[in-house]
Amino acid sequence: MTRPRTDLLLELADDELILGWRDSEWTGIAPFLEEDVAFSSIAQNEIGHARALYELAARDLGTDADVLAFDRRPEEYCCAPLVQAGLVGDWAGTIARHFLYEAADAVRIEALKASPDAELAGIAAKIDREETYHRLHAEMWELRLRDEPRFRAAFEVRWPLALGVLAPDLRPRLAERVGREEVEPVERSTPGTEFEALWNEMTMVRRSAPTGAQW
Amino acid sequence: MSDARTAEFLEFVQAGGQVETDDWLPEEYRKRLIKFIEMHGNSELMGVLPERDWILRAPTLQRKLALTAKIQDEVGHCQLIYRVVEDLGKPRAQCLDDLISGKSKFHNVFHYPTRSWGDVGVIAWLVDAAAIISQKALLKCSYAPYARVMKKVCWEESFHILHGRDTVLAMVTGTPEQFELVQEAVTRWWEPLMHFHGTPIPADEDPMLHWRIKSQGNEEARQQFLDGYVPQILELGLELPDPNLRKNEGGLWEYTEPDWEKLTAVVTGHGPASQERLAFRRLSRADVDWVSRVMLPEAA
């Protein structure tokens, strides 16, 4: 039995949304003004991708993108553990996550572009055009930080989480791409307390008015 | 000799002439430029902090994208403006050091806390409206590189005003609680907004006007702000907390004299959020200090 398309769309959209939300936390406080601007652009792109994916899912589910992004209960989100952690102040962790997520996402998008579902393939091609620049940015940073012990440590911690972003059949491609052996992945599961804290914050304004209020 | 040269320079800029980085600049002019432009850059950077708390709380995807982009613009302005300062002889790292040590200043409105989503709309609409009035007047600045940067800044700020107004409109036409969020924010921000353009110092006593760094007096800017925005605020059914605010027969706005001592206290680091903001910036800089050492070893 194949999974419904909306499951896949929500998984992708939740990853992009929450990573975008986390990246946007660097706005105003990145190590360089140039990085501030860069990370903010990346965050906006990821959230833009999430919106496009939610819109497609919303059409199938008879709802709208904002409802899917904000009005589900925390336990209904299906984002990968890799994107959930708050890493403000931890640039090594942020770059390790950025590099690994972009690598995993590249594998995932490549597979989606070949999907027999024309809408999915189309949206993947569109997303890929922007992700190309994210990858260049991430790879530039990885190259500069790869000999830093704190970066290597941050990378090690996140490698099993990065594998968990992908479906099992795509994991060998990620391992090959980053030149690592596969390890036991950290699978998607009900989001934990750190995600719940983020959810509380990201929905607090919206929840302060009755459902359906315009903002 | 140097006096005659200065007099000639002064005559040139007072007649509306603009100078470039490579031109000869009187030392006093250069110092005033650096101080003024640096404070502008500092303000763009510190202005990020009151709003960034709400990046995580934006209530729709569209608002999230708009607010993130708006704040990103402010960082971009800081980057451009610090480059102008750098060309005048003060490096960016030194500007940042002086900012976080409290040696240099930033604009009064960024010394205040934000309390609700109403603040997000009111800051983008009214604080940015007040700012664009000052910035438009800088398009005629005697220092041409700064004037050129202001073109991009003004263009982007005009989008911020639209984003702010749209955010406010959604709330004032929403539930009574949403309306109240805006009303409470407008009431709270009114004093800082009245302080924004500074004391009504006479034009002939303002050294910034003397050197044509600015081309508009403080009171003239405030009048322009009141004229443009008070009618819009009232039209939305909002109230302003000044019973003496009215336009007189001569077409000038009258208002209760703001507490100018309070303004001085605020911009010298005694505002309600001044120290907290500076501490936050020091802390966030300390967290990522190692990155500069790795990326720019020659600067360490």
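Everything numeric in this text was worked out from a predicted model, so none of it was measured. Each chain gets a letter, A, B and so on, in the order its sequence line appears, and its residues count up from 1.
Using modelled atom types, no side-chain atom of A/E102 and backbone atom of A/H98 make a donor-acceptor pair closer than 3.5 Å.
There is a side-chain donor-acceptor pair under 3.5 Å between A/T94 and A/W26. A side-chain N or O of A/Q44 and one of B/Q72 form a donor-acceptor pair less than 3.5 Å apart. Side chain to side chain, B/T60 and A/D66 fail the donor-acceptor criterion of an N or O pair below 3.5 Å. Counted by atom type alone, B/Y143 and B/T21 present one or more donor-acceptor pairs between their side chains at under 3.5 Å.
When heavy atoms are compared at a cutoff of 4.5 Å, A/M202 approaches chain B by way of both its backbone and its side chain. Interface remark: A/A50 contributes no atoms to any contact with chain B (heavy atom separation under 4.5 Å). When heavy atoms are compared at a cutoff of 4.5 Å, A/R207 does not approach chain B at all. At a 4.5 Å heavy-atom cutoff, the contact between A/A65 and chain B is made by backbone and side-chain atoms alike. Heavy-atom distances place both the backbone and the side chain of A/S41 under 4.5 Å from chain B. The part of A/L17 that comes within reach of chain B is its side chain, from C-beta onward, which places non-hydrogen atoms under 4.5 angstrom from that chain.
Between chain A and the options B/L61, B/V48, B/D53, B/V288, the largest number of non-hydrogen pairs under 4.5 Å is found for B/L61. Highest contact tally toward chain A, considering only B/R92, B/E177, B/K64, is held by B/K64 [criterion: heavy-atom pairs under 4.5 Å].
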